[in-house]
There are 2 protein chains.
Amino acid sequence: MVDTEPRPATGTASEAVTAPTASCSIAATLEVVGDRWTVLILRDVFRGVRRFAQLQADLGIARNMLADRLSRLVEHGVLERVPYQTRPVRCEYRLTAKGADLSTALIALMGWGDRWYAAEGVPTILVHETCGTPVEQHVRCPHCDETVNPGRIRSRPGPGRSSV
Amino acid sequence: MVDTEPRPATGTASEAVTAPTASCSIAATLEVVGDRWTVLILRDVFRGVRRFAQLQADLGIARNMLADRLSRLVEHGVLERVPYQTRPVRCEYRLTAKGADLSTALIALMGWGDRWYAAEGVPTILVHETCGTPVEQHVRCPHCDETVNPGRIRSRPGPGRSSV
DNA sequence: GGGAGTCGGTTTCGATTTGCAACCAGCCGA
DNA sequence: TCGGCTGGTTGCAAATCGAAACCGACTCCC
């Protein structure tokens, strides 16, 4: 996942890509979850913490921040509010399909922390439900049917690249 | 990657895990790269943008922010300063092994953006160097030798879990 | 009926962080 | 000597964050 060539100081026209969302899916993702608290909230929701008070207590986040981040996540379709009682109506926050699809990213972040900051052993292990074996995250080539290590990945402009 | 049970309002002692870094590798990771600009800087460095001025122009980040984030990344051993000329000595920023190991996470973030925000087609395609096929990111079970989809992942406390 | 408690917020306001712009240091080349 | 380039630092206004107080809807209990 590396462009090996040092870039000339004045970028070539074809590669003068800037941060704007449209031109980079990483930027697009960060637009939605590019915030420390947001990621931690999602981590908690993945772990089954779904209610306002629980999240607040677990994270130690300020209540106004939490309210803001939650409504933003709902707006973006990452979480949805699901009533769990009436009178008064109270809602909990659940992952949508879009939100659940962030698991890959959370697993990746967790993996890096595990590898570089878990000298005392990892805090959490993710295992295969059916056999209990710890799972691993890889990049694969469907054609060669093999694991591709990072040095063997190249990036190319795709069809959605706004070639300004 | 889900605890399916709703958590009781008063968490059980064994699972009263809070945000602090030690108890969660995601929090540990965010401590280092839990910032929008930091991630974008890393994305650029992965793409071969390594010099201060280039990064600043490409990202549109404020110069003081950039200086701060870069020195923080160097402190954390994610980037290293490598001189590219003498008189005056000027350095560029390169990924360390630890930094390069973030590729998995960046690929995951990019993948999510691709899946949910690239209606017009993806801006960038990652391909297998040797055959040019677009690669995919998966979670695998080394024992069963198969891809595990997210619903089949369970989390368990690991040896490093600070059981307070 | 009244008072306390729960849950999910909103408001307020001081502290921190951000971002723009100006400035600076070291060196080059004309 | 006069810009110009690169890689910063400094100052200051504006936006964001965070702690704490407050609020509304409802329940429970006396």
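Here is the naming used below: chain letters follow the sequence lines, and residue numbers restart at 1 for every chain.
In terms of phosphate contacts, B/Arg63 brings no side-chain nitrogen or oxygen within less than 4.0 Å of OP1 or OP2 of D/dT10. OP1 and OP2 of D/dT16 both lie 4.0 Å or more from every side-chain N or O belonging to A/Arg36.
Closest to the B/Tyr93 side chain, of the nucleotides D/dG18, C/dG9, D/dG8, is D/dG8. Of the listed nucleotides (C/dG8, D/dC17, C/dG19), D/dC17 has the atom at the smallest distance from the side chain of A/Asp35. Comparing D/dG8, C/dT18, C/dT10 by their nearest atom to the side chain of B/Ala67 picks out D/dG8. Each of C/dG9, C/dT11, D/dG7 was ranked by its minimum atom distance to the side chain of A/Asn64; first place goes to C/dT11. Side-chain atoms of A/Tyr84 lie closest to C/dC7 of the nucleotides D/dG8, D/dG18, C/dC7.
The separation between B/Leu66 atom CG and C/dT17 atom C1' is 16 Å, rounded to whole Å. We find that CD of B/Gln56 is positioned 14 Å from P of D/dT9, with the value rounded to whole Å. Regarding B/Met65, its CE atom lies at a distance of 14 Å from the C1' atom of D/dC12, rounded to whole Å. Residue A/Asp68 contributes atom CG, which lies 10 Å from atom C1' of D/dT16 at whole-angstrom precision. In this structure, the CG atom of A/Leu55 is 10 Å from the P atom of C/dG9, given to the nearest Å. C/dG26 atom P lies 17 Å from atom CZ of B/Phe52, rounded to whole Å. One interatomic measurement links the two molecules: CH2 of B/Trp37 to C1' of C/dC20, which rounds to 13 Å at whole-angstrom precision. Summarising the geometry, the separation between CG on A/Leu40 and P on D/dC17 is reported as 14 Å, rounded to the nearest angstrom.
The nearest pair of heavy atoms linking B/Ala27 to A/Arg43 is CB-NH1, 4.2 Å.
Under the salt bridge (Lys or Arg N to Asp or Glu O under 4.0 Å) criterion, A/Arg72 pairs with A/Asp68, not counting sequence neighbours.
A salt bridge is defined here as a Lys NZ or Arg NE, NH1 or NH2 lying under 4.0 Å from an Asp or Glu carboxylate O, and A/Asp44 with A/Arg47 meets this definition.
For the atom pair CG of B/Leu73 and CG of B/Leu42, the computed distance is 5.0 Å after rounding to the nearest 0.5 Å. Once rounded to the nearest 0.5 Å, the distance linking OG1 of B/Thr38 with CG of B/Leu30 reads 11.0 Å.
A donor and an acceptor atom never sit less than 3.5 Å apart when one is taken from the side chain of A/Arg51 and the other from the base of C/dG8.
The number of heavy-atom neighbours closer than 6.0 Å to CD of B/Glu129, taken from other residues, nucleotides and ligands shown, is above 12. Atom CD of B/Glu146 is surrounded by more than 12 heavy atoms from other residues, nucleotides or ligands within 6.0 Å.
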Heteroatom pairs (N/O) under 3.5 angstrom, protein to nucleotides 23-30 of chain D:
| from | atom 1 | to | atom 2 | distance (Å) |
| --- | --- | --- | --- | --- |
| D/dC26 | O3' | A/Arg87 | O | 3.1 |

